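I have placed the structure first, in the form of structure tokens, so that the comments after it can refer back to it.
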Amino acid sequence: DAGVIQSPRHEVTEMGQEVTLRCKPISGHNSLFWYRQTMMRGLELLIYFNNNVPIDDSGMPEDRFSAKMPNASFSTLKIQPSEPRDSAVYFCASREGFVATNEKLFFGSGTQLSVL
Amino acid sequence: AQSVTQPDIHITVSEGASLELRCNYSYGATPYLFWYVQSPGQGLQLLLKYFSGDTLVQGIKGFEAEFKRSQSSFNLRKPSVHWSDAAEYFCAVATNTGGFKTIFGAGTRLFVKA
């Protein structure tokens with residue numbers, strides 16, 4: 001298996017532009033998580049899905065952020081409009097089960113976002 | 001609400017020396033606890049996990065961690081550090097309430113000096 005695949009690896013954009021981050025989870029995994037990593041705040045959970053349904057989006061910083069999971073093999077995280085303070089590394093992770101939280105997460109390599 | 005605290009932002013140890021990284025959690029019931037490691041430019045990789053049974057768990061790369069319920073702690077240890085262990089280490093807790101999510105601590109960056 002190729003693991004969790006994120007694209008792009010790096011994104012540089014200007015303030016006000018729309019940014020879309022993409023994630024392909026491991027085939028057969030039922031849960032998908034979006035995390036944001038910054039020096040100041042560490043690794044923050046933004047939103048997660050079970051069986052393509054958003055369960056908890058309380059970590060999404062504001063209305064500029066939205067996430068979708070139209071099918072079991074694809075998810076997007078969109079920022080519109082983007083701001084410099086959104087600059088961070090965004091990770092996608094998947095987990096095989098949605099009830100068995102003793103199972104580990106598999107992480108993608110992340111998207112380094114820079115908003116100028 | 002559950003939370004994870006890693007009190008040390010960074011730690012420096014000499015190669016060959018022992019290591020202990022601290023982790024404290026806050027959760028009402030028995031948590032599922034994890035340690036992950038992140039190498040530069042990479043995603044996180046699981047080192048070990050605890051969810052029941054023996055409170056001393058063994059992981060990959062010679063790491064171990066001990067769950068102490070009375071102290072709400074899950075500290076990571078290694079008897080002899082190698083230069084390749086330099087990375088960032090994250091403690092995490094997963095719960096079966098509120099939707100089965102995994103929460104991470106802020107991380108501890110480990111530096112290894114020769």
Side-chain angles (χ1 to χ4, degrees), chain A residues 2-10 21 23-26 29-51 53-60 88-112, chain B residues 1-10 21 23 25 27 29-54 57 59-60 63 65 67 74 87-109:
Chain A
V4 177
I5 300 173
Q6 290 186 247
S7 64
R9 284 299 305 271
H10 303 275
L21 311 181
C23 175
K24 176 179 169 54
I26 293 174
H29 280 196
N30 296 312
S31 297
L32 183 142
F33 301 76
W34 282 101
Y35 289 90
R36 177 173 68 176
Q37 185 179 32
T38 61
M39 288 291 292
M40 292 298 296
R41 302 171 72 91
L43 201 62
E44 303 173 274
L45 176 63
L46 299 178
I47 185 172
Y48 72 101
F49 298 82
N50 285 339
N51 288 341
V53 176
I55 301 300
D56 184 349
D57 65 354
S58 59
M60 296 285 262
V89 181
Y90 291 81
F91 285 103
C92 175
S94 69
R95 184 178 68 203
E96 184 172 358
F98 66 87
V99 174
T101 51
N102 58 338
E103 294 179 17
K104 68 177 183 181
L105 299 179
F106 291 80
F107 280 81
S109 296
T111 295
Q112 173 78 59
Chain B
Q2 61 271 24
S3 65
V4 180
T5 302
Q6 293 179 249
D8 303 307
I9 297 173
H10 55 81
L21 302 182
C23 172
Y25 67 90
Y27 180 56
T30 299
Y32 299 110
L33 297 162
F34 306 80
W35 276 98
Y36 286 81
V37 60
Q38 183 183 30
S39 299
Q42 301 296 316
L44 279 70
Q45 179 188 16
L46 182 70
L47 281 176
L48 48 80
K49 64 181 182 181
Y50 169 82
F51 55 95
S52 67
D54 192 346
V57 293
I60 62 172
F63 285 92
F67 171 58
F74 189 57
E88 187 149 22
Y89 292 80
F90 292 88
C91 182
V93 60
T95 68
N96 274 337
T97 59
F100 316 110
K101 58 188 177 184
T102 301
I103 302 298
F104 287 82
T108 298
R109 181 165 292 279

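Remember, it's a predicted structure, so these values are computed and weren't measured experimentally. The basis for the numbers below is simple: all heavy atoms, side chains too, and nothing from hydrogens, waters or symmetry mates. Reminder, nothing fancy here: chain letters follow the sequence lines and each chain counts from 1.
In this view, B:R109 and B:H10, B:E88, B:F111 satisfy the side-chain contact (heavy atoms from CB on, under 4.5 Å) rule, not counting sequence neighbours. Looking at residues two or more places apart in sequence or on another chain, you find a ring pair (Phe, Tyr, Trp, His ring centres under 6.0 Å) between B:Y89 and B:F63. Applying the ring pair (Phe, Tyr, Trp, His ring centres under 6.0 Å) test to A:F91 and every residue at least two apart in sequence or in another chain returns nothing.
Heavy-atom contacts from other residues, nucleotides or ligands closer than 6.0 Å to CD1 of B:I9 number 12 or fewer.
At a heavy-atom separation below 4.5 angstrom, chain B is approached by A:F33, A:Y35, A:Q37 within residues 32-40 of chain A.
Under the 3.5 Å distance criterion, the side-chain polar atoms of A:N30 are matched with a main-chain donor or acceptor of A:E96.
A distance of 12.0 Å separates SG of B:C91 from CD1 of B:I103, quoted to the nearest 0.5 Å. A distance of 7.5 Å separates CG of B:L44 from OH of B:Y36, quoted to the nearest 0.5 Å.
Contacts between A:R41 and chain B at a heavy-atom distance below 4.5 Å are absent for every atom of the residue. Of the atoms belonging to A:L45, it is side-chain heavy atoms, and not backbone ones, that fall under 4.5 Å from chain B. B:F90 touches chain A through its side chain: at least one heavy atom from C-beta onward sits under 4.5 Å away, while N, CA, C and O do not. Only the side chain of B:Q38 comes within contact range of chain A, with at least one heavy atom under 4.5 Å from a heavy atom of that chain.
With 3.5 Å as the limit, one finds no donor-acceptor pair spanning the side chains of B:D8 and B:T108.
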